[in-house]
Amino acid sequence: FINWLILFFFSGLIGRSWAMVFAAGGFKVKLYDIAQQQLTSALENIRKQMKELEESGFLKGTLSAEQQLALISICTDLKAAVEGATFIQECTPENLELKKKIFGQLDLIVDDKVILSSSTSCLLPSKLFTGLKHVKQCIVSHPVNPPYFVPLVEIVPHPETDPSTTERTYALMKKIGQSPVKLNREIEGFVLNRLQYAVISEAWRLVGEGVVSPTDLDLVMSDGLGMRYAFIGPLETMHLNAEGVSNYCERYREGMRHVLNTFGPVPEFSGEIEQKINQAMSEKIPVVPKVLDARRKWRDECLTGLAKLKKKMKSD
């Protein structure tokens, strides 16, 4: 990875977060955007965040904030931005046509070695990359928001992606301290959102049917399941909650199937239930930019503390 140059295509929230993660890993980073003002404010934002993280002792990596900032440059010229880049990460809004246009432009000017990666959370690689000359070099690297505090990255190949593209992307994510997982093939929602939507779906039904209040529903996750899931996944939970997975299935198979058969259809996520949940959440956290930002900051501090604890537990 010596002399790798990482290019981030657009300087919004995800682009900025990614840039910080890679700079913390000691990589040279270039932020590209069409508007100079966007880039200037992105750099200011990154500087402010890094200084705050350094002061609170939560800055990632071994380099100081100033050293990390020195690794980040900005560019508004596409050809100049791409020059020398080893890995290009697209971070634009979830708009298929926009992303296809960008990859179409990049396809015309990149060499045969650079990896072209997308941050998309839901668009399939086959929809994004099919027909590109450099399709073998294309991959999805889906981060979890915010990537600076949550290390998971889903690596999703196009059916024609070269295995070496997948391996190099996986190794790069490991190198910067993220936790990559490889999907063997593409699937709607990838893995994280399929699991997340299964939880949201049942949460919606339980509140909608009046079984539990929205606030108590969230407590079931934050002070119940979530405590476990921060350290071990659902399959290891099964394994430890009995004498191994087979024993768990033997004990709980019938009960699980009985409960699962009572699950309702996919909710519409609208109407009365939407209003009920929105009202409960807004009473707890009013939908005012200042309040939401303060709560997000608190969330990020919690995630940072948790990341530190996890690291300590692993080293112990």
Side-chain angles (χ1 to χ4, degrees), residues 8 12-25 27 29 42 45-65 68-69 89 91 119-122 141-155 172-181 190-200 203 214-215 217-234 236-237 281 284-316:
F8 294 99
L13 177 66
I14 296 294
R16 294 195 304 265
S17 294
W18 265 129
M20 287 169 66
V21 171
F22 275 86
F27 282 88
V29 169
N45 181 280
I46 289 171
R47 177 181 292 278
K48 184 171 172 274
Q49 279 194 73
M50 279 188 177
K51 290 290 183 191
E52 284 175 3
L53 288 161
E54 192 170 46
E55 281 164 22
S56 59
F58 288 144
L59 186 73
K60 281 185 163 194
T62 53
L63 303 174
S64 70
Q68 291 184 27
L69 283 160
Q89 183 78 14
C91 312
S119 295
T120 182
S121 60
C122 62
S141 306
H142 169 228
V144 186
N145 192 28
Y148 195 86
F149 304 106
V150 184
L152 187 87
V153 182
E154 293 182 293
I155 296 174
L172 178 65
M173 294 302 163
K174 285 288 251 194
K175 176 87 177 133
I176 57 167
Q178 299 302 88
S179 300
V181 293
F190 310 149
V191 174
L192 182 131
N193 276 329
R194 290 180 79 92
L195 290 174
Q196 177 168 244
Y197 295 163
V199 171
I200 288 173
T215 318
L217 185 288
D218 271 1
L219 267 179
V220 171
M221 183 56 78
S222 65
D223 287 14
L225 288 174
M227 305 254 322
R228 271 186 206 150
Y229 289 169
F231 295 93
I232 59 173
E236 189 179 337
T237 297
M281 292 298 108
K284 184 182 175 187
I285 308 148
V287 185
V288 177
K290 202 175 169 185
V291 180
L292 289 170
D293 284 345
R295 187 67 173 173
R296 288 182 190 119
K297 193 166 187 285
W298 173 82
R299 173 201 66 189
D300 292 350
E301 283 166 3
C302 290
L303 290 170
T304 308
L306 180 60
K308 277 199 158 181
L309 175 62
K310 284 184 68 142
K311 199 173 174 182
K312 184 180 178 293
M313 300 293 278
K314 275 181 185 170
S315 62
D316 286 351

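Numbers here are sequence positions counted from 1.
- Minimum heavy-atom separation, G25 to I176: CA-CG2, 4.4 Å.
- Q178 and V150 make their closest contact through NE2-O, 3.9 Å (heavy atoms, listed as atom of the first residue, atom of the second, distance).
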Handout entry: Full working for side-chain contact (heavy atoms from CB on, under 4.5 Å) between R299 and L303
Key = CA-CA 6 Å; R299 173 201 66 189; L303 290 170; 4.0 Å; yes
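- Closest of all the heavy-atom pairs between G177 and P151 is O-CB, 4.1 Å.
- A donor-acceptor pair is defined here as one N or O able to donate and one able to accept, closer than 3.5 Å; such a pair exists between the side chain of Q89 and the backbone of S141.
- Among all heavy-atom pairs drawn from A23 and M50, the shortest one is CB-CE, 4.2 Å.
- Here the straight-line distance linking atom CD of E301 with atom CG of L53 works out to 9.5 Å at 0.5 Å rounding.
- Smallest separation of non-hydrogen atoms from A19 and F8: CA-CE1, 3.7 Å.
- Judged purely by distance below 3.5 Å, without hydrogens or angles, the side chains of E54 and S64 never pair a donor atom with an acceptor atom.
- The structure places OG of S179 at 6.5 Å from NZ of K174, a figure rounded to the nearest 0.5 Å.
- When all heavy atoms are compared, the tightest approach of Q68 to M20 is OE1-O, 4.3 Å.
- Remark: side-chain polar atoms of K310 are paired, donor with acceptor, to backbone N or O of A230 under 3.5 angstrom.
- At a threshold of 4.0 Å, the pair K290-D293 does not count as salt-bridged, since none of the basic side-chain nitrogens sits closer than that to a carboxylate oxygen.
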Problem - CA sep, side-chain torsions, deciding dist, call: F231, L309, side-chain contact (heavy atoms from CB on, under 4.5 Å) - result: CA-CA 10 Å; F231 295 93; L309 175 62; 3.9 Å; yes
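- Between K297 atom NZ and Q49 atom CD the span is 10.0 Å, to the nearest 0.5 Å.
- Contact check for D300 versus F58: no side-chain heavy atoms found under the 4.5 Å cut-off.
- Here E55 does not pair with K51 in a salt bridge; the nearest charged N to carboxylate O distance is not below 4.0 Å.
- Looking at V153 and W18, their side chains come closer than 4.5 Å, going by heavy atoms from C-beta outward.
- Summarising the geometry, atom CZ belonging to R16 is positioned 4.0 Å from atom CG belonging to N45; distances are rounded to the nearest 0.5 Å.
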Only distances under 3.5 Å count here; give the side-chain donor-acceptor pairs of residues 142-149 to other protein atoms, sequence neighbours excluded, each with its distance to 0.1 Å.
unit_1: H142; atom_1: ND1; unit_2: E154; atom_2: OE1; d: 2.7
unit_1: Y148; atom_1: OH; unit_2: K60; atom_2: N; d: 2.8

